[in-house]
Amino acid sequence: RNASREALLVPLNSRTVTLVLSLTRAAVLVNPKEPPGNKAKIGLVMVGHTTTATPAQPAAVAKRRGGNKRTTAPTARKDPNVALAGATQWYCYISPYGVESLKNYRYSAAGSSPLTDLMTPFWNWAVTLLPTWLAPNVISAMGAACVVVSFLVCALTCQGTHASPGQWWVHVVSALCLFLYQLFDNLDGKQARRTCTSSPLGELFDHGLDAIVMGMSIVPLVCAAPCPQWILLLVVLSTMSSFYTCHWEAYHTSVTNFSELCPVVEAQFLTIAVELTSAVVGPQMWNTQVYGPVTAGYLLWSIGAVCPLLGVLQSVRTVLRQTGWSRFATSLAALTPFAVFALLTVLWFASIPELRATSPYLVFATISLAFAYIQQRLLVQHLSKEAMHSFYPILGVYSTLVVYSMVAVPTGLATSFLSVRAATVATLAWCIAQECFFSWSVIWQMTGFLGIRAFAIVPPKKLQ
């Protein structure tokens, strides 16, 4: 009786029914349409579990001990084991153990900032304006779309990474898009709690989209406050490292701790202020000398490069306290994918001066998409409590682009075989295809097991 939780169907004759019931203490299901003289199929159902009708017993009912009350069998629902079985396939990124761990995951976050506390009442009011049928993941996608729009506007209108003096409206569009992004980024979680639809998929969708648009949200700032491209790359990699180590810390502590040394909301509003200032006064104001040769622009970009690194140090200290020196080296090994990515990015950036001068937005879009994949894999491993990986195939594709860019120009391959620009476009297309496939697979697994929908409000099904 303790070995099984499901109904057992065994053929019994009328002489053994009494003995079987006395030994199993179970309810008996008898098909009333069974012809007399044949062996009736009697379902032996363990006490305390629900009985369901079988194909051989379409009209079977459960009879409770000590009474005559009858209840019909409950409607069958989607079996979460389907997702578990699918997790063994090659196209699945979550193992059967990881899928099973999703039902026990609870989101926990820590850290705040003065502007966050100041804006919270506004966000609480703004979320009440949203219809209750609007899914939180749709809100997240709307915020990410705003950043993509700003990125594309700058790519199509700015000359390189500099805006013309008369293009003040470009800065206004960038400021507006960034404000809407941070608004939607804070409303999606509130909408999920408001509609009782919080799930691991929501966290993955929110932070996964943040990983995609993180680099794209920084690049338009160069049009407002010009700086050398190497400084821009340093700020982008610094911000990505802070975001990656934040979730690396969450993997070990189960708490997503947003660094108080690098508050996100303050950084976003500072960027908005810079964009609006450039729209009114002009980008040339950032060339004003503050102290000696140090200009206002260099001071601004220095803050953008140093503050995220302080967040990295804070995450490393937290993980060290959590794991101790004995396991800290193993924990550091999980940072290998980002370290390899950062090294490849620096080497590639140094080898393509012409491409950076003519197509800087193509370069930074490729960097952003390559980073997004390794960041999202880390998020999945955090949500499913699986072992962290040290290498991903996308790094092999990215390294191929780096090596080809380094040898194509000196050997003449860039003119006789494939240009560096074409190789970059092909790598970007690969990253987009990889992102689409990864998103489909993970969404399919999570929605199938959790009994939810990704872009619609549906009450989640109770897990077994």
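On a predicted model such as this, the values are computed, not experimentally measured, just so you know.
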Are any non-hydrogen side-chain atoms of Asp210 and His207 less than 4.5 angstrom apart?
yes
Which heavy atom of Ser238 sits nearest to which heavy atom of Gly304, and what is that distance?
OG-O, 4.4 Å
Start with the C-alpha distance between Tyr373 and Phe437, add both sets of side-chain angles, then the distance that settles ring pair (Phe, Tyr, Trp, His ring centres under 6.0 Å), and finish with yes or no.
CA-CA 11 Å; Tyr373 180 75; Phe437 181 79; 9.9 Å; no
Please give me the minimum heavy-atom distance between Trp123 and Leu187, naming the atom from each residue.
O-CD2, 3.4 Å
State, with a plain yes or no, whether a side-chain heavy atom of His252 is found less than 4.5 Å away from one of Thr318.
no
Can a donor-acceptor pair be found, under 3.5 Å and without considering hydrogens, that links the side chain of Arg356 to the backbone of Val363?
no
Would you mind telling me which of Leu401, Val402, Val409 makes a side-chain contact (heavy atoms from CB on, under 4.5 Å) with Ser405?
Leu401
Decide yes or no for Asp206 and Asp185: does some side-chain heavy atom of the first lie under 4.5 Å from some side-chain heavy atom of the second?
yes
Donor-acceptor side-chain pairing of Arg194 and Gln191 below 3.5 angstrom:
yes
List the atom of Ser254, the atom of His382, and the distance in Å for their closest heavy-atom pair.
CA-CE1, 4.3 Å
Side chain proximity check, Val290 to Tyr298, heavy atoms < 4.5 angstrom:
no
Verify the ring-centre separation between Tyr398 and Phe371: is it less than 6.0 angstrom?
no
Inter-residue atom distance Ser217.OG - Ile212.CD1, 0.5 Å rounding
12.5 Å
What's the separation between atom CG in Leu335 and atom OG in Ser390, rounded to the nearest 0.5 Å?
9.5 Å
Is it the case that the side chain of Trp301 and the backbone of Ala225 share a donor-acceptor pair, with hydrogens and angles ignored and the cut-off at 3.5 Å?
yes
Would you name the heavy atoms of Tyr361 and Cys223 that are closest together and state the gap between them?
OH-SG, 3.2 Å
Residues Gln182, Leu178; criterion side chain to side chain contact (heavy atoms under 4.5 Å, CB included); working and verdict:
CA-CA 6 Å; Gln182 68 90 20; Leu178 185 57; 5.8 Å; no
Do you know the tightest heavy-atom contact between Ser384 and Val380?
OG-O, 2.7 Å
Quick one: pull up OH in Tyr97 and CG in Leu102 and give me the separation to the nearest 0.5 Å.
10.5 Å
Which residue, Pro226, Cys227, Pro360, forms the side-chain contact (heavy atoms from CB on, under 4.5 Å) with Leu232?
Cys227
Any side-chain heavy atom of Ser174 sitting closer than 4.5 Å to one from Cys154?
yes
Geometric class of the His247/Phe243 ring pair [parallel <30°, tilted 30-60°, perpendicular >60°]
perpendicular
I want to check something: taking the side chain as every heavy atom from C-beta on, are Glu435 and Gln376 in contact at a cut-off of under 4.5 Å?
yes
More than 12 foreign heavy atoms under 6.0 Å from CD of Glu266: is that the case here?
yes
Under 3.5 Å, is there a donor-acceptor pair between the Glu386 and Ser95 side chains?
yes
Tightest non-hydrogen contact, residues Ala454 and Asn137, listed as O-ND2, 2.8 Å
Could you check whether any side-chain heavy atom of Thr424 comes within less than 4.5 Å of a side-chain heavy atom of Tyr404, counting everything from C-beta outward?
no
Within this structure, what is the CG-CD distance for the pair Leu320 and Glu249, rounded to the nearest 0.5 Å?
11.5 Å
Taking side-chain contact (heavy atoms from CB on, under 4.5 Å) as the definition, give me every residue that meets it alongside Ala175, ordered by chain and number, with sequence neighbours left out.
Ile272, Glu275, Leu276
Partner of Tyr93 under ring-ring contact (aromatic ring centres under 6.0 Å, His included), chosen from Phe438, Trp444, Trp440, Tyr392
Phe438
Stepwise side chain to side chain contact (heavy atoms under 4.5 Å, CB included) check, Val148 with Leu152:
CA-CA 6 Å; Val148 175; Leu152 293 178; 4.0 Å; yes
Rounded to the nearest 0.5 Å, how far does OH of Tyr244 lie from CG of Leu379?
9.5 Å
Given the rule in the side chain to side chain contact (heavy atoms under 4.5 Å, CB included) test, do Thr256 and Glu203 qualify, once you have shown the distances and angles that lead to the verdict?
CA-CA 11 Å; Thr256 304; Glu203 180 180 353; 3.9 Å; yes
So with a 6.0 Å cut-off around CZ of Phe417, is the heavy-atom count from everything else above 12?
no
State the OG1-CZ distance between Thr271 and Phe179, to the nearest 0.5 angstrom.
14.0 Å
I'd like to check Val274 versus Trp286 (side-chain heavy atoms, cut-off strictly below 4.5 Å). Are they in contact?
yes
Val397 and Gln434: side chain to side chain contact (heavy atoms under 4.5 Å, CB included), yes or no, with the steps?
CA-CA 11 Å; Val397 177; Gln434 177 75 72; over 6 Å; no
Would you say CZ of Arg421 has more than 12 non-hydrogen atoms from neighbouring residues, nucleotides or ligands within 6.0 angstrom?
no
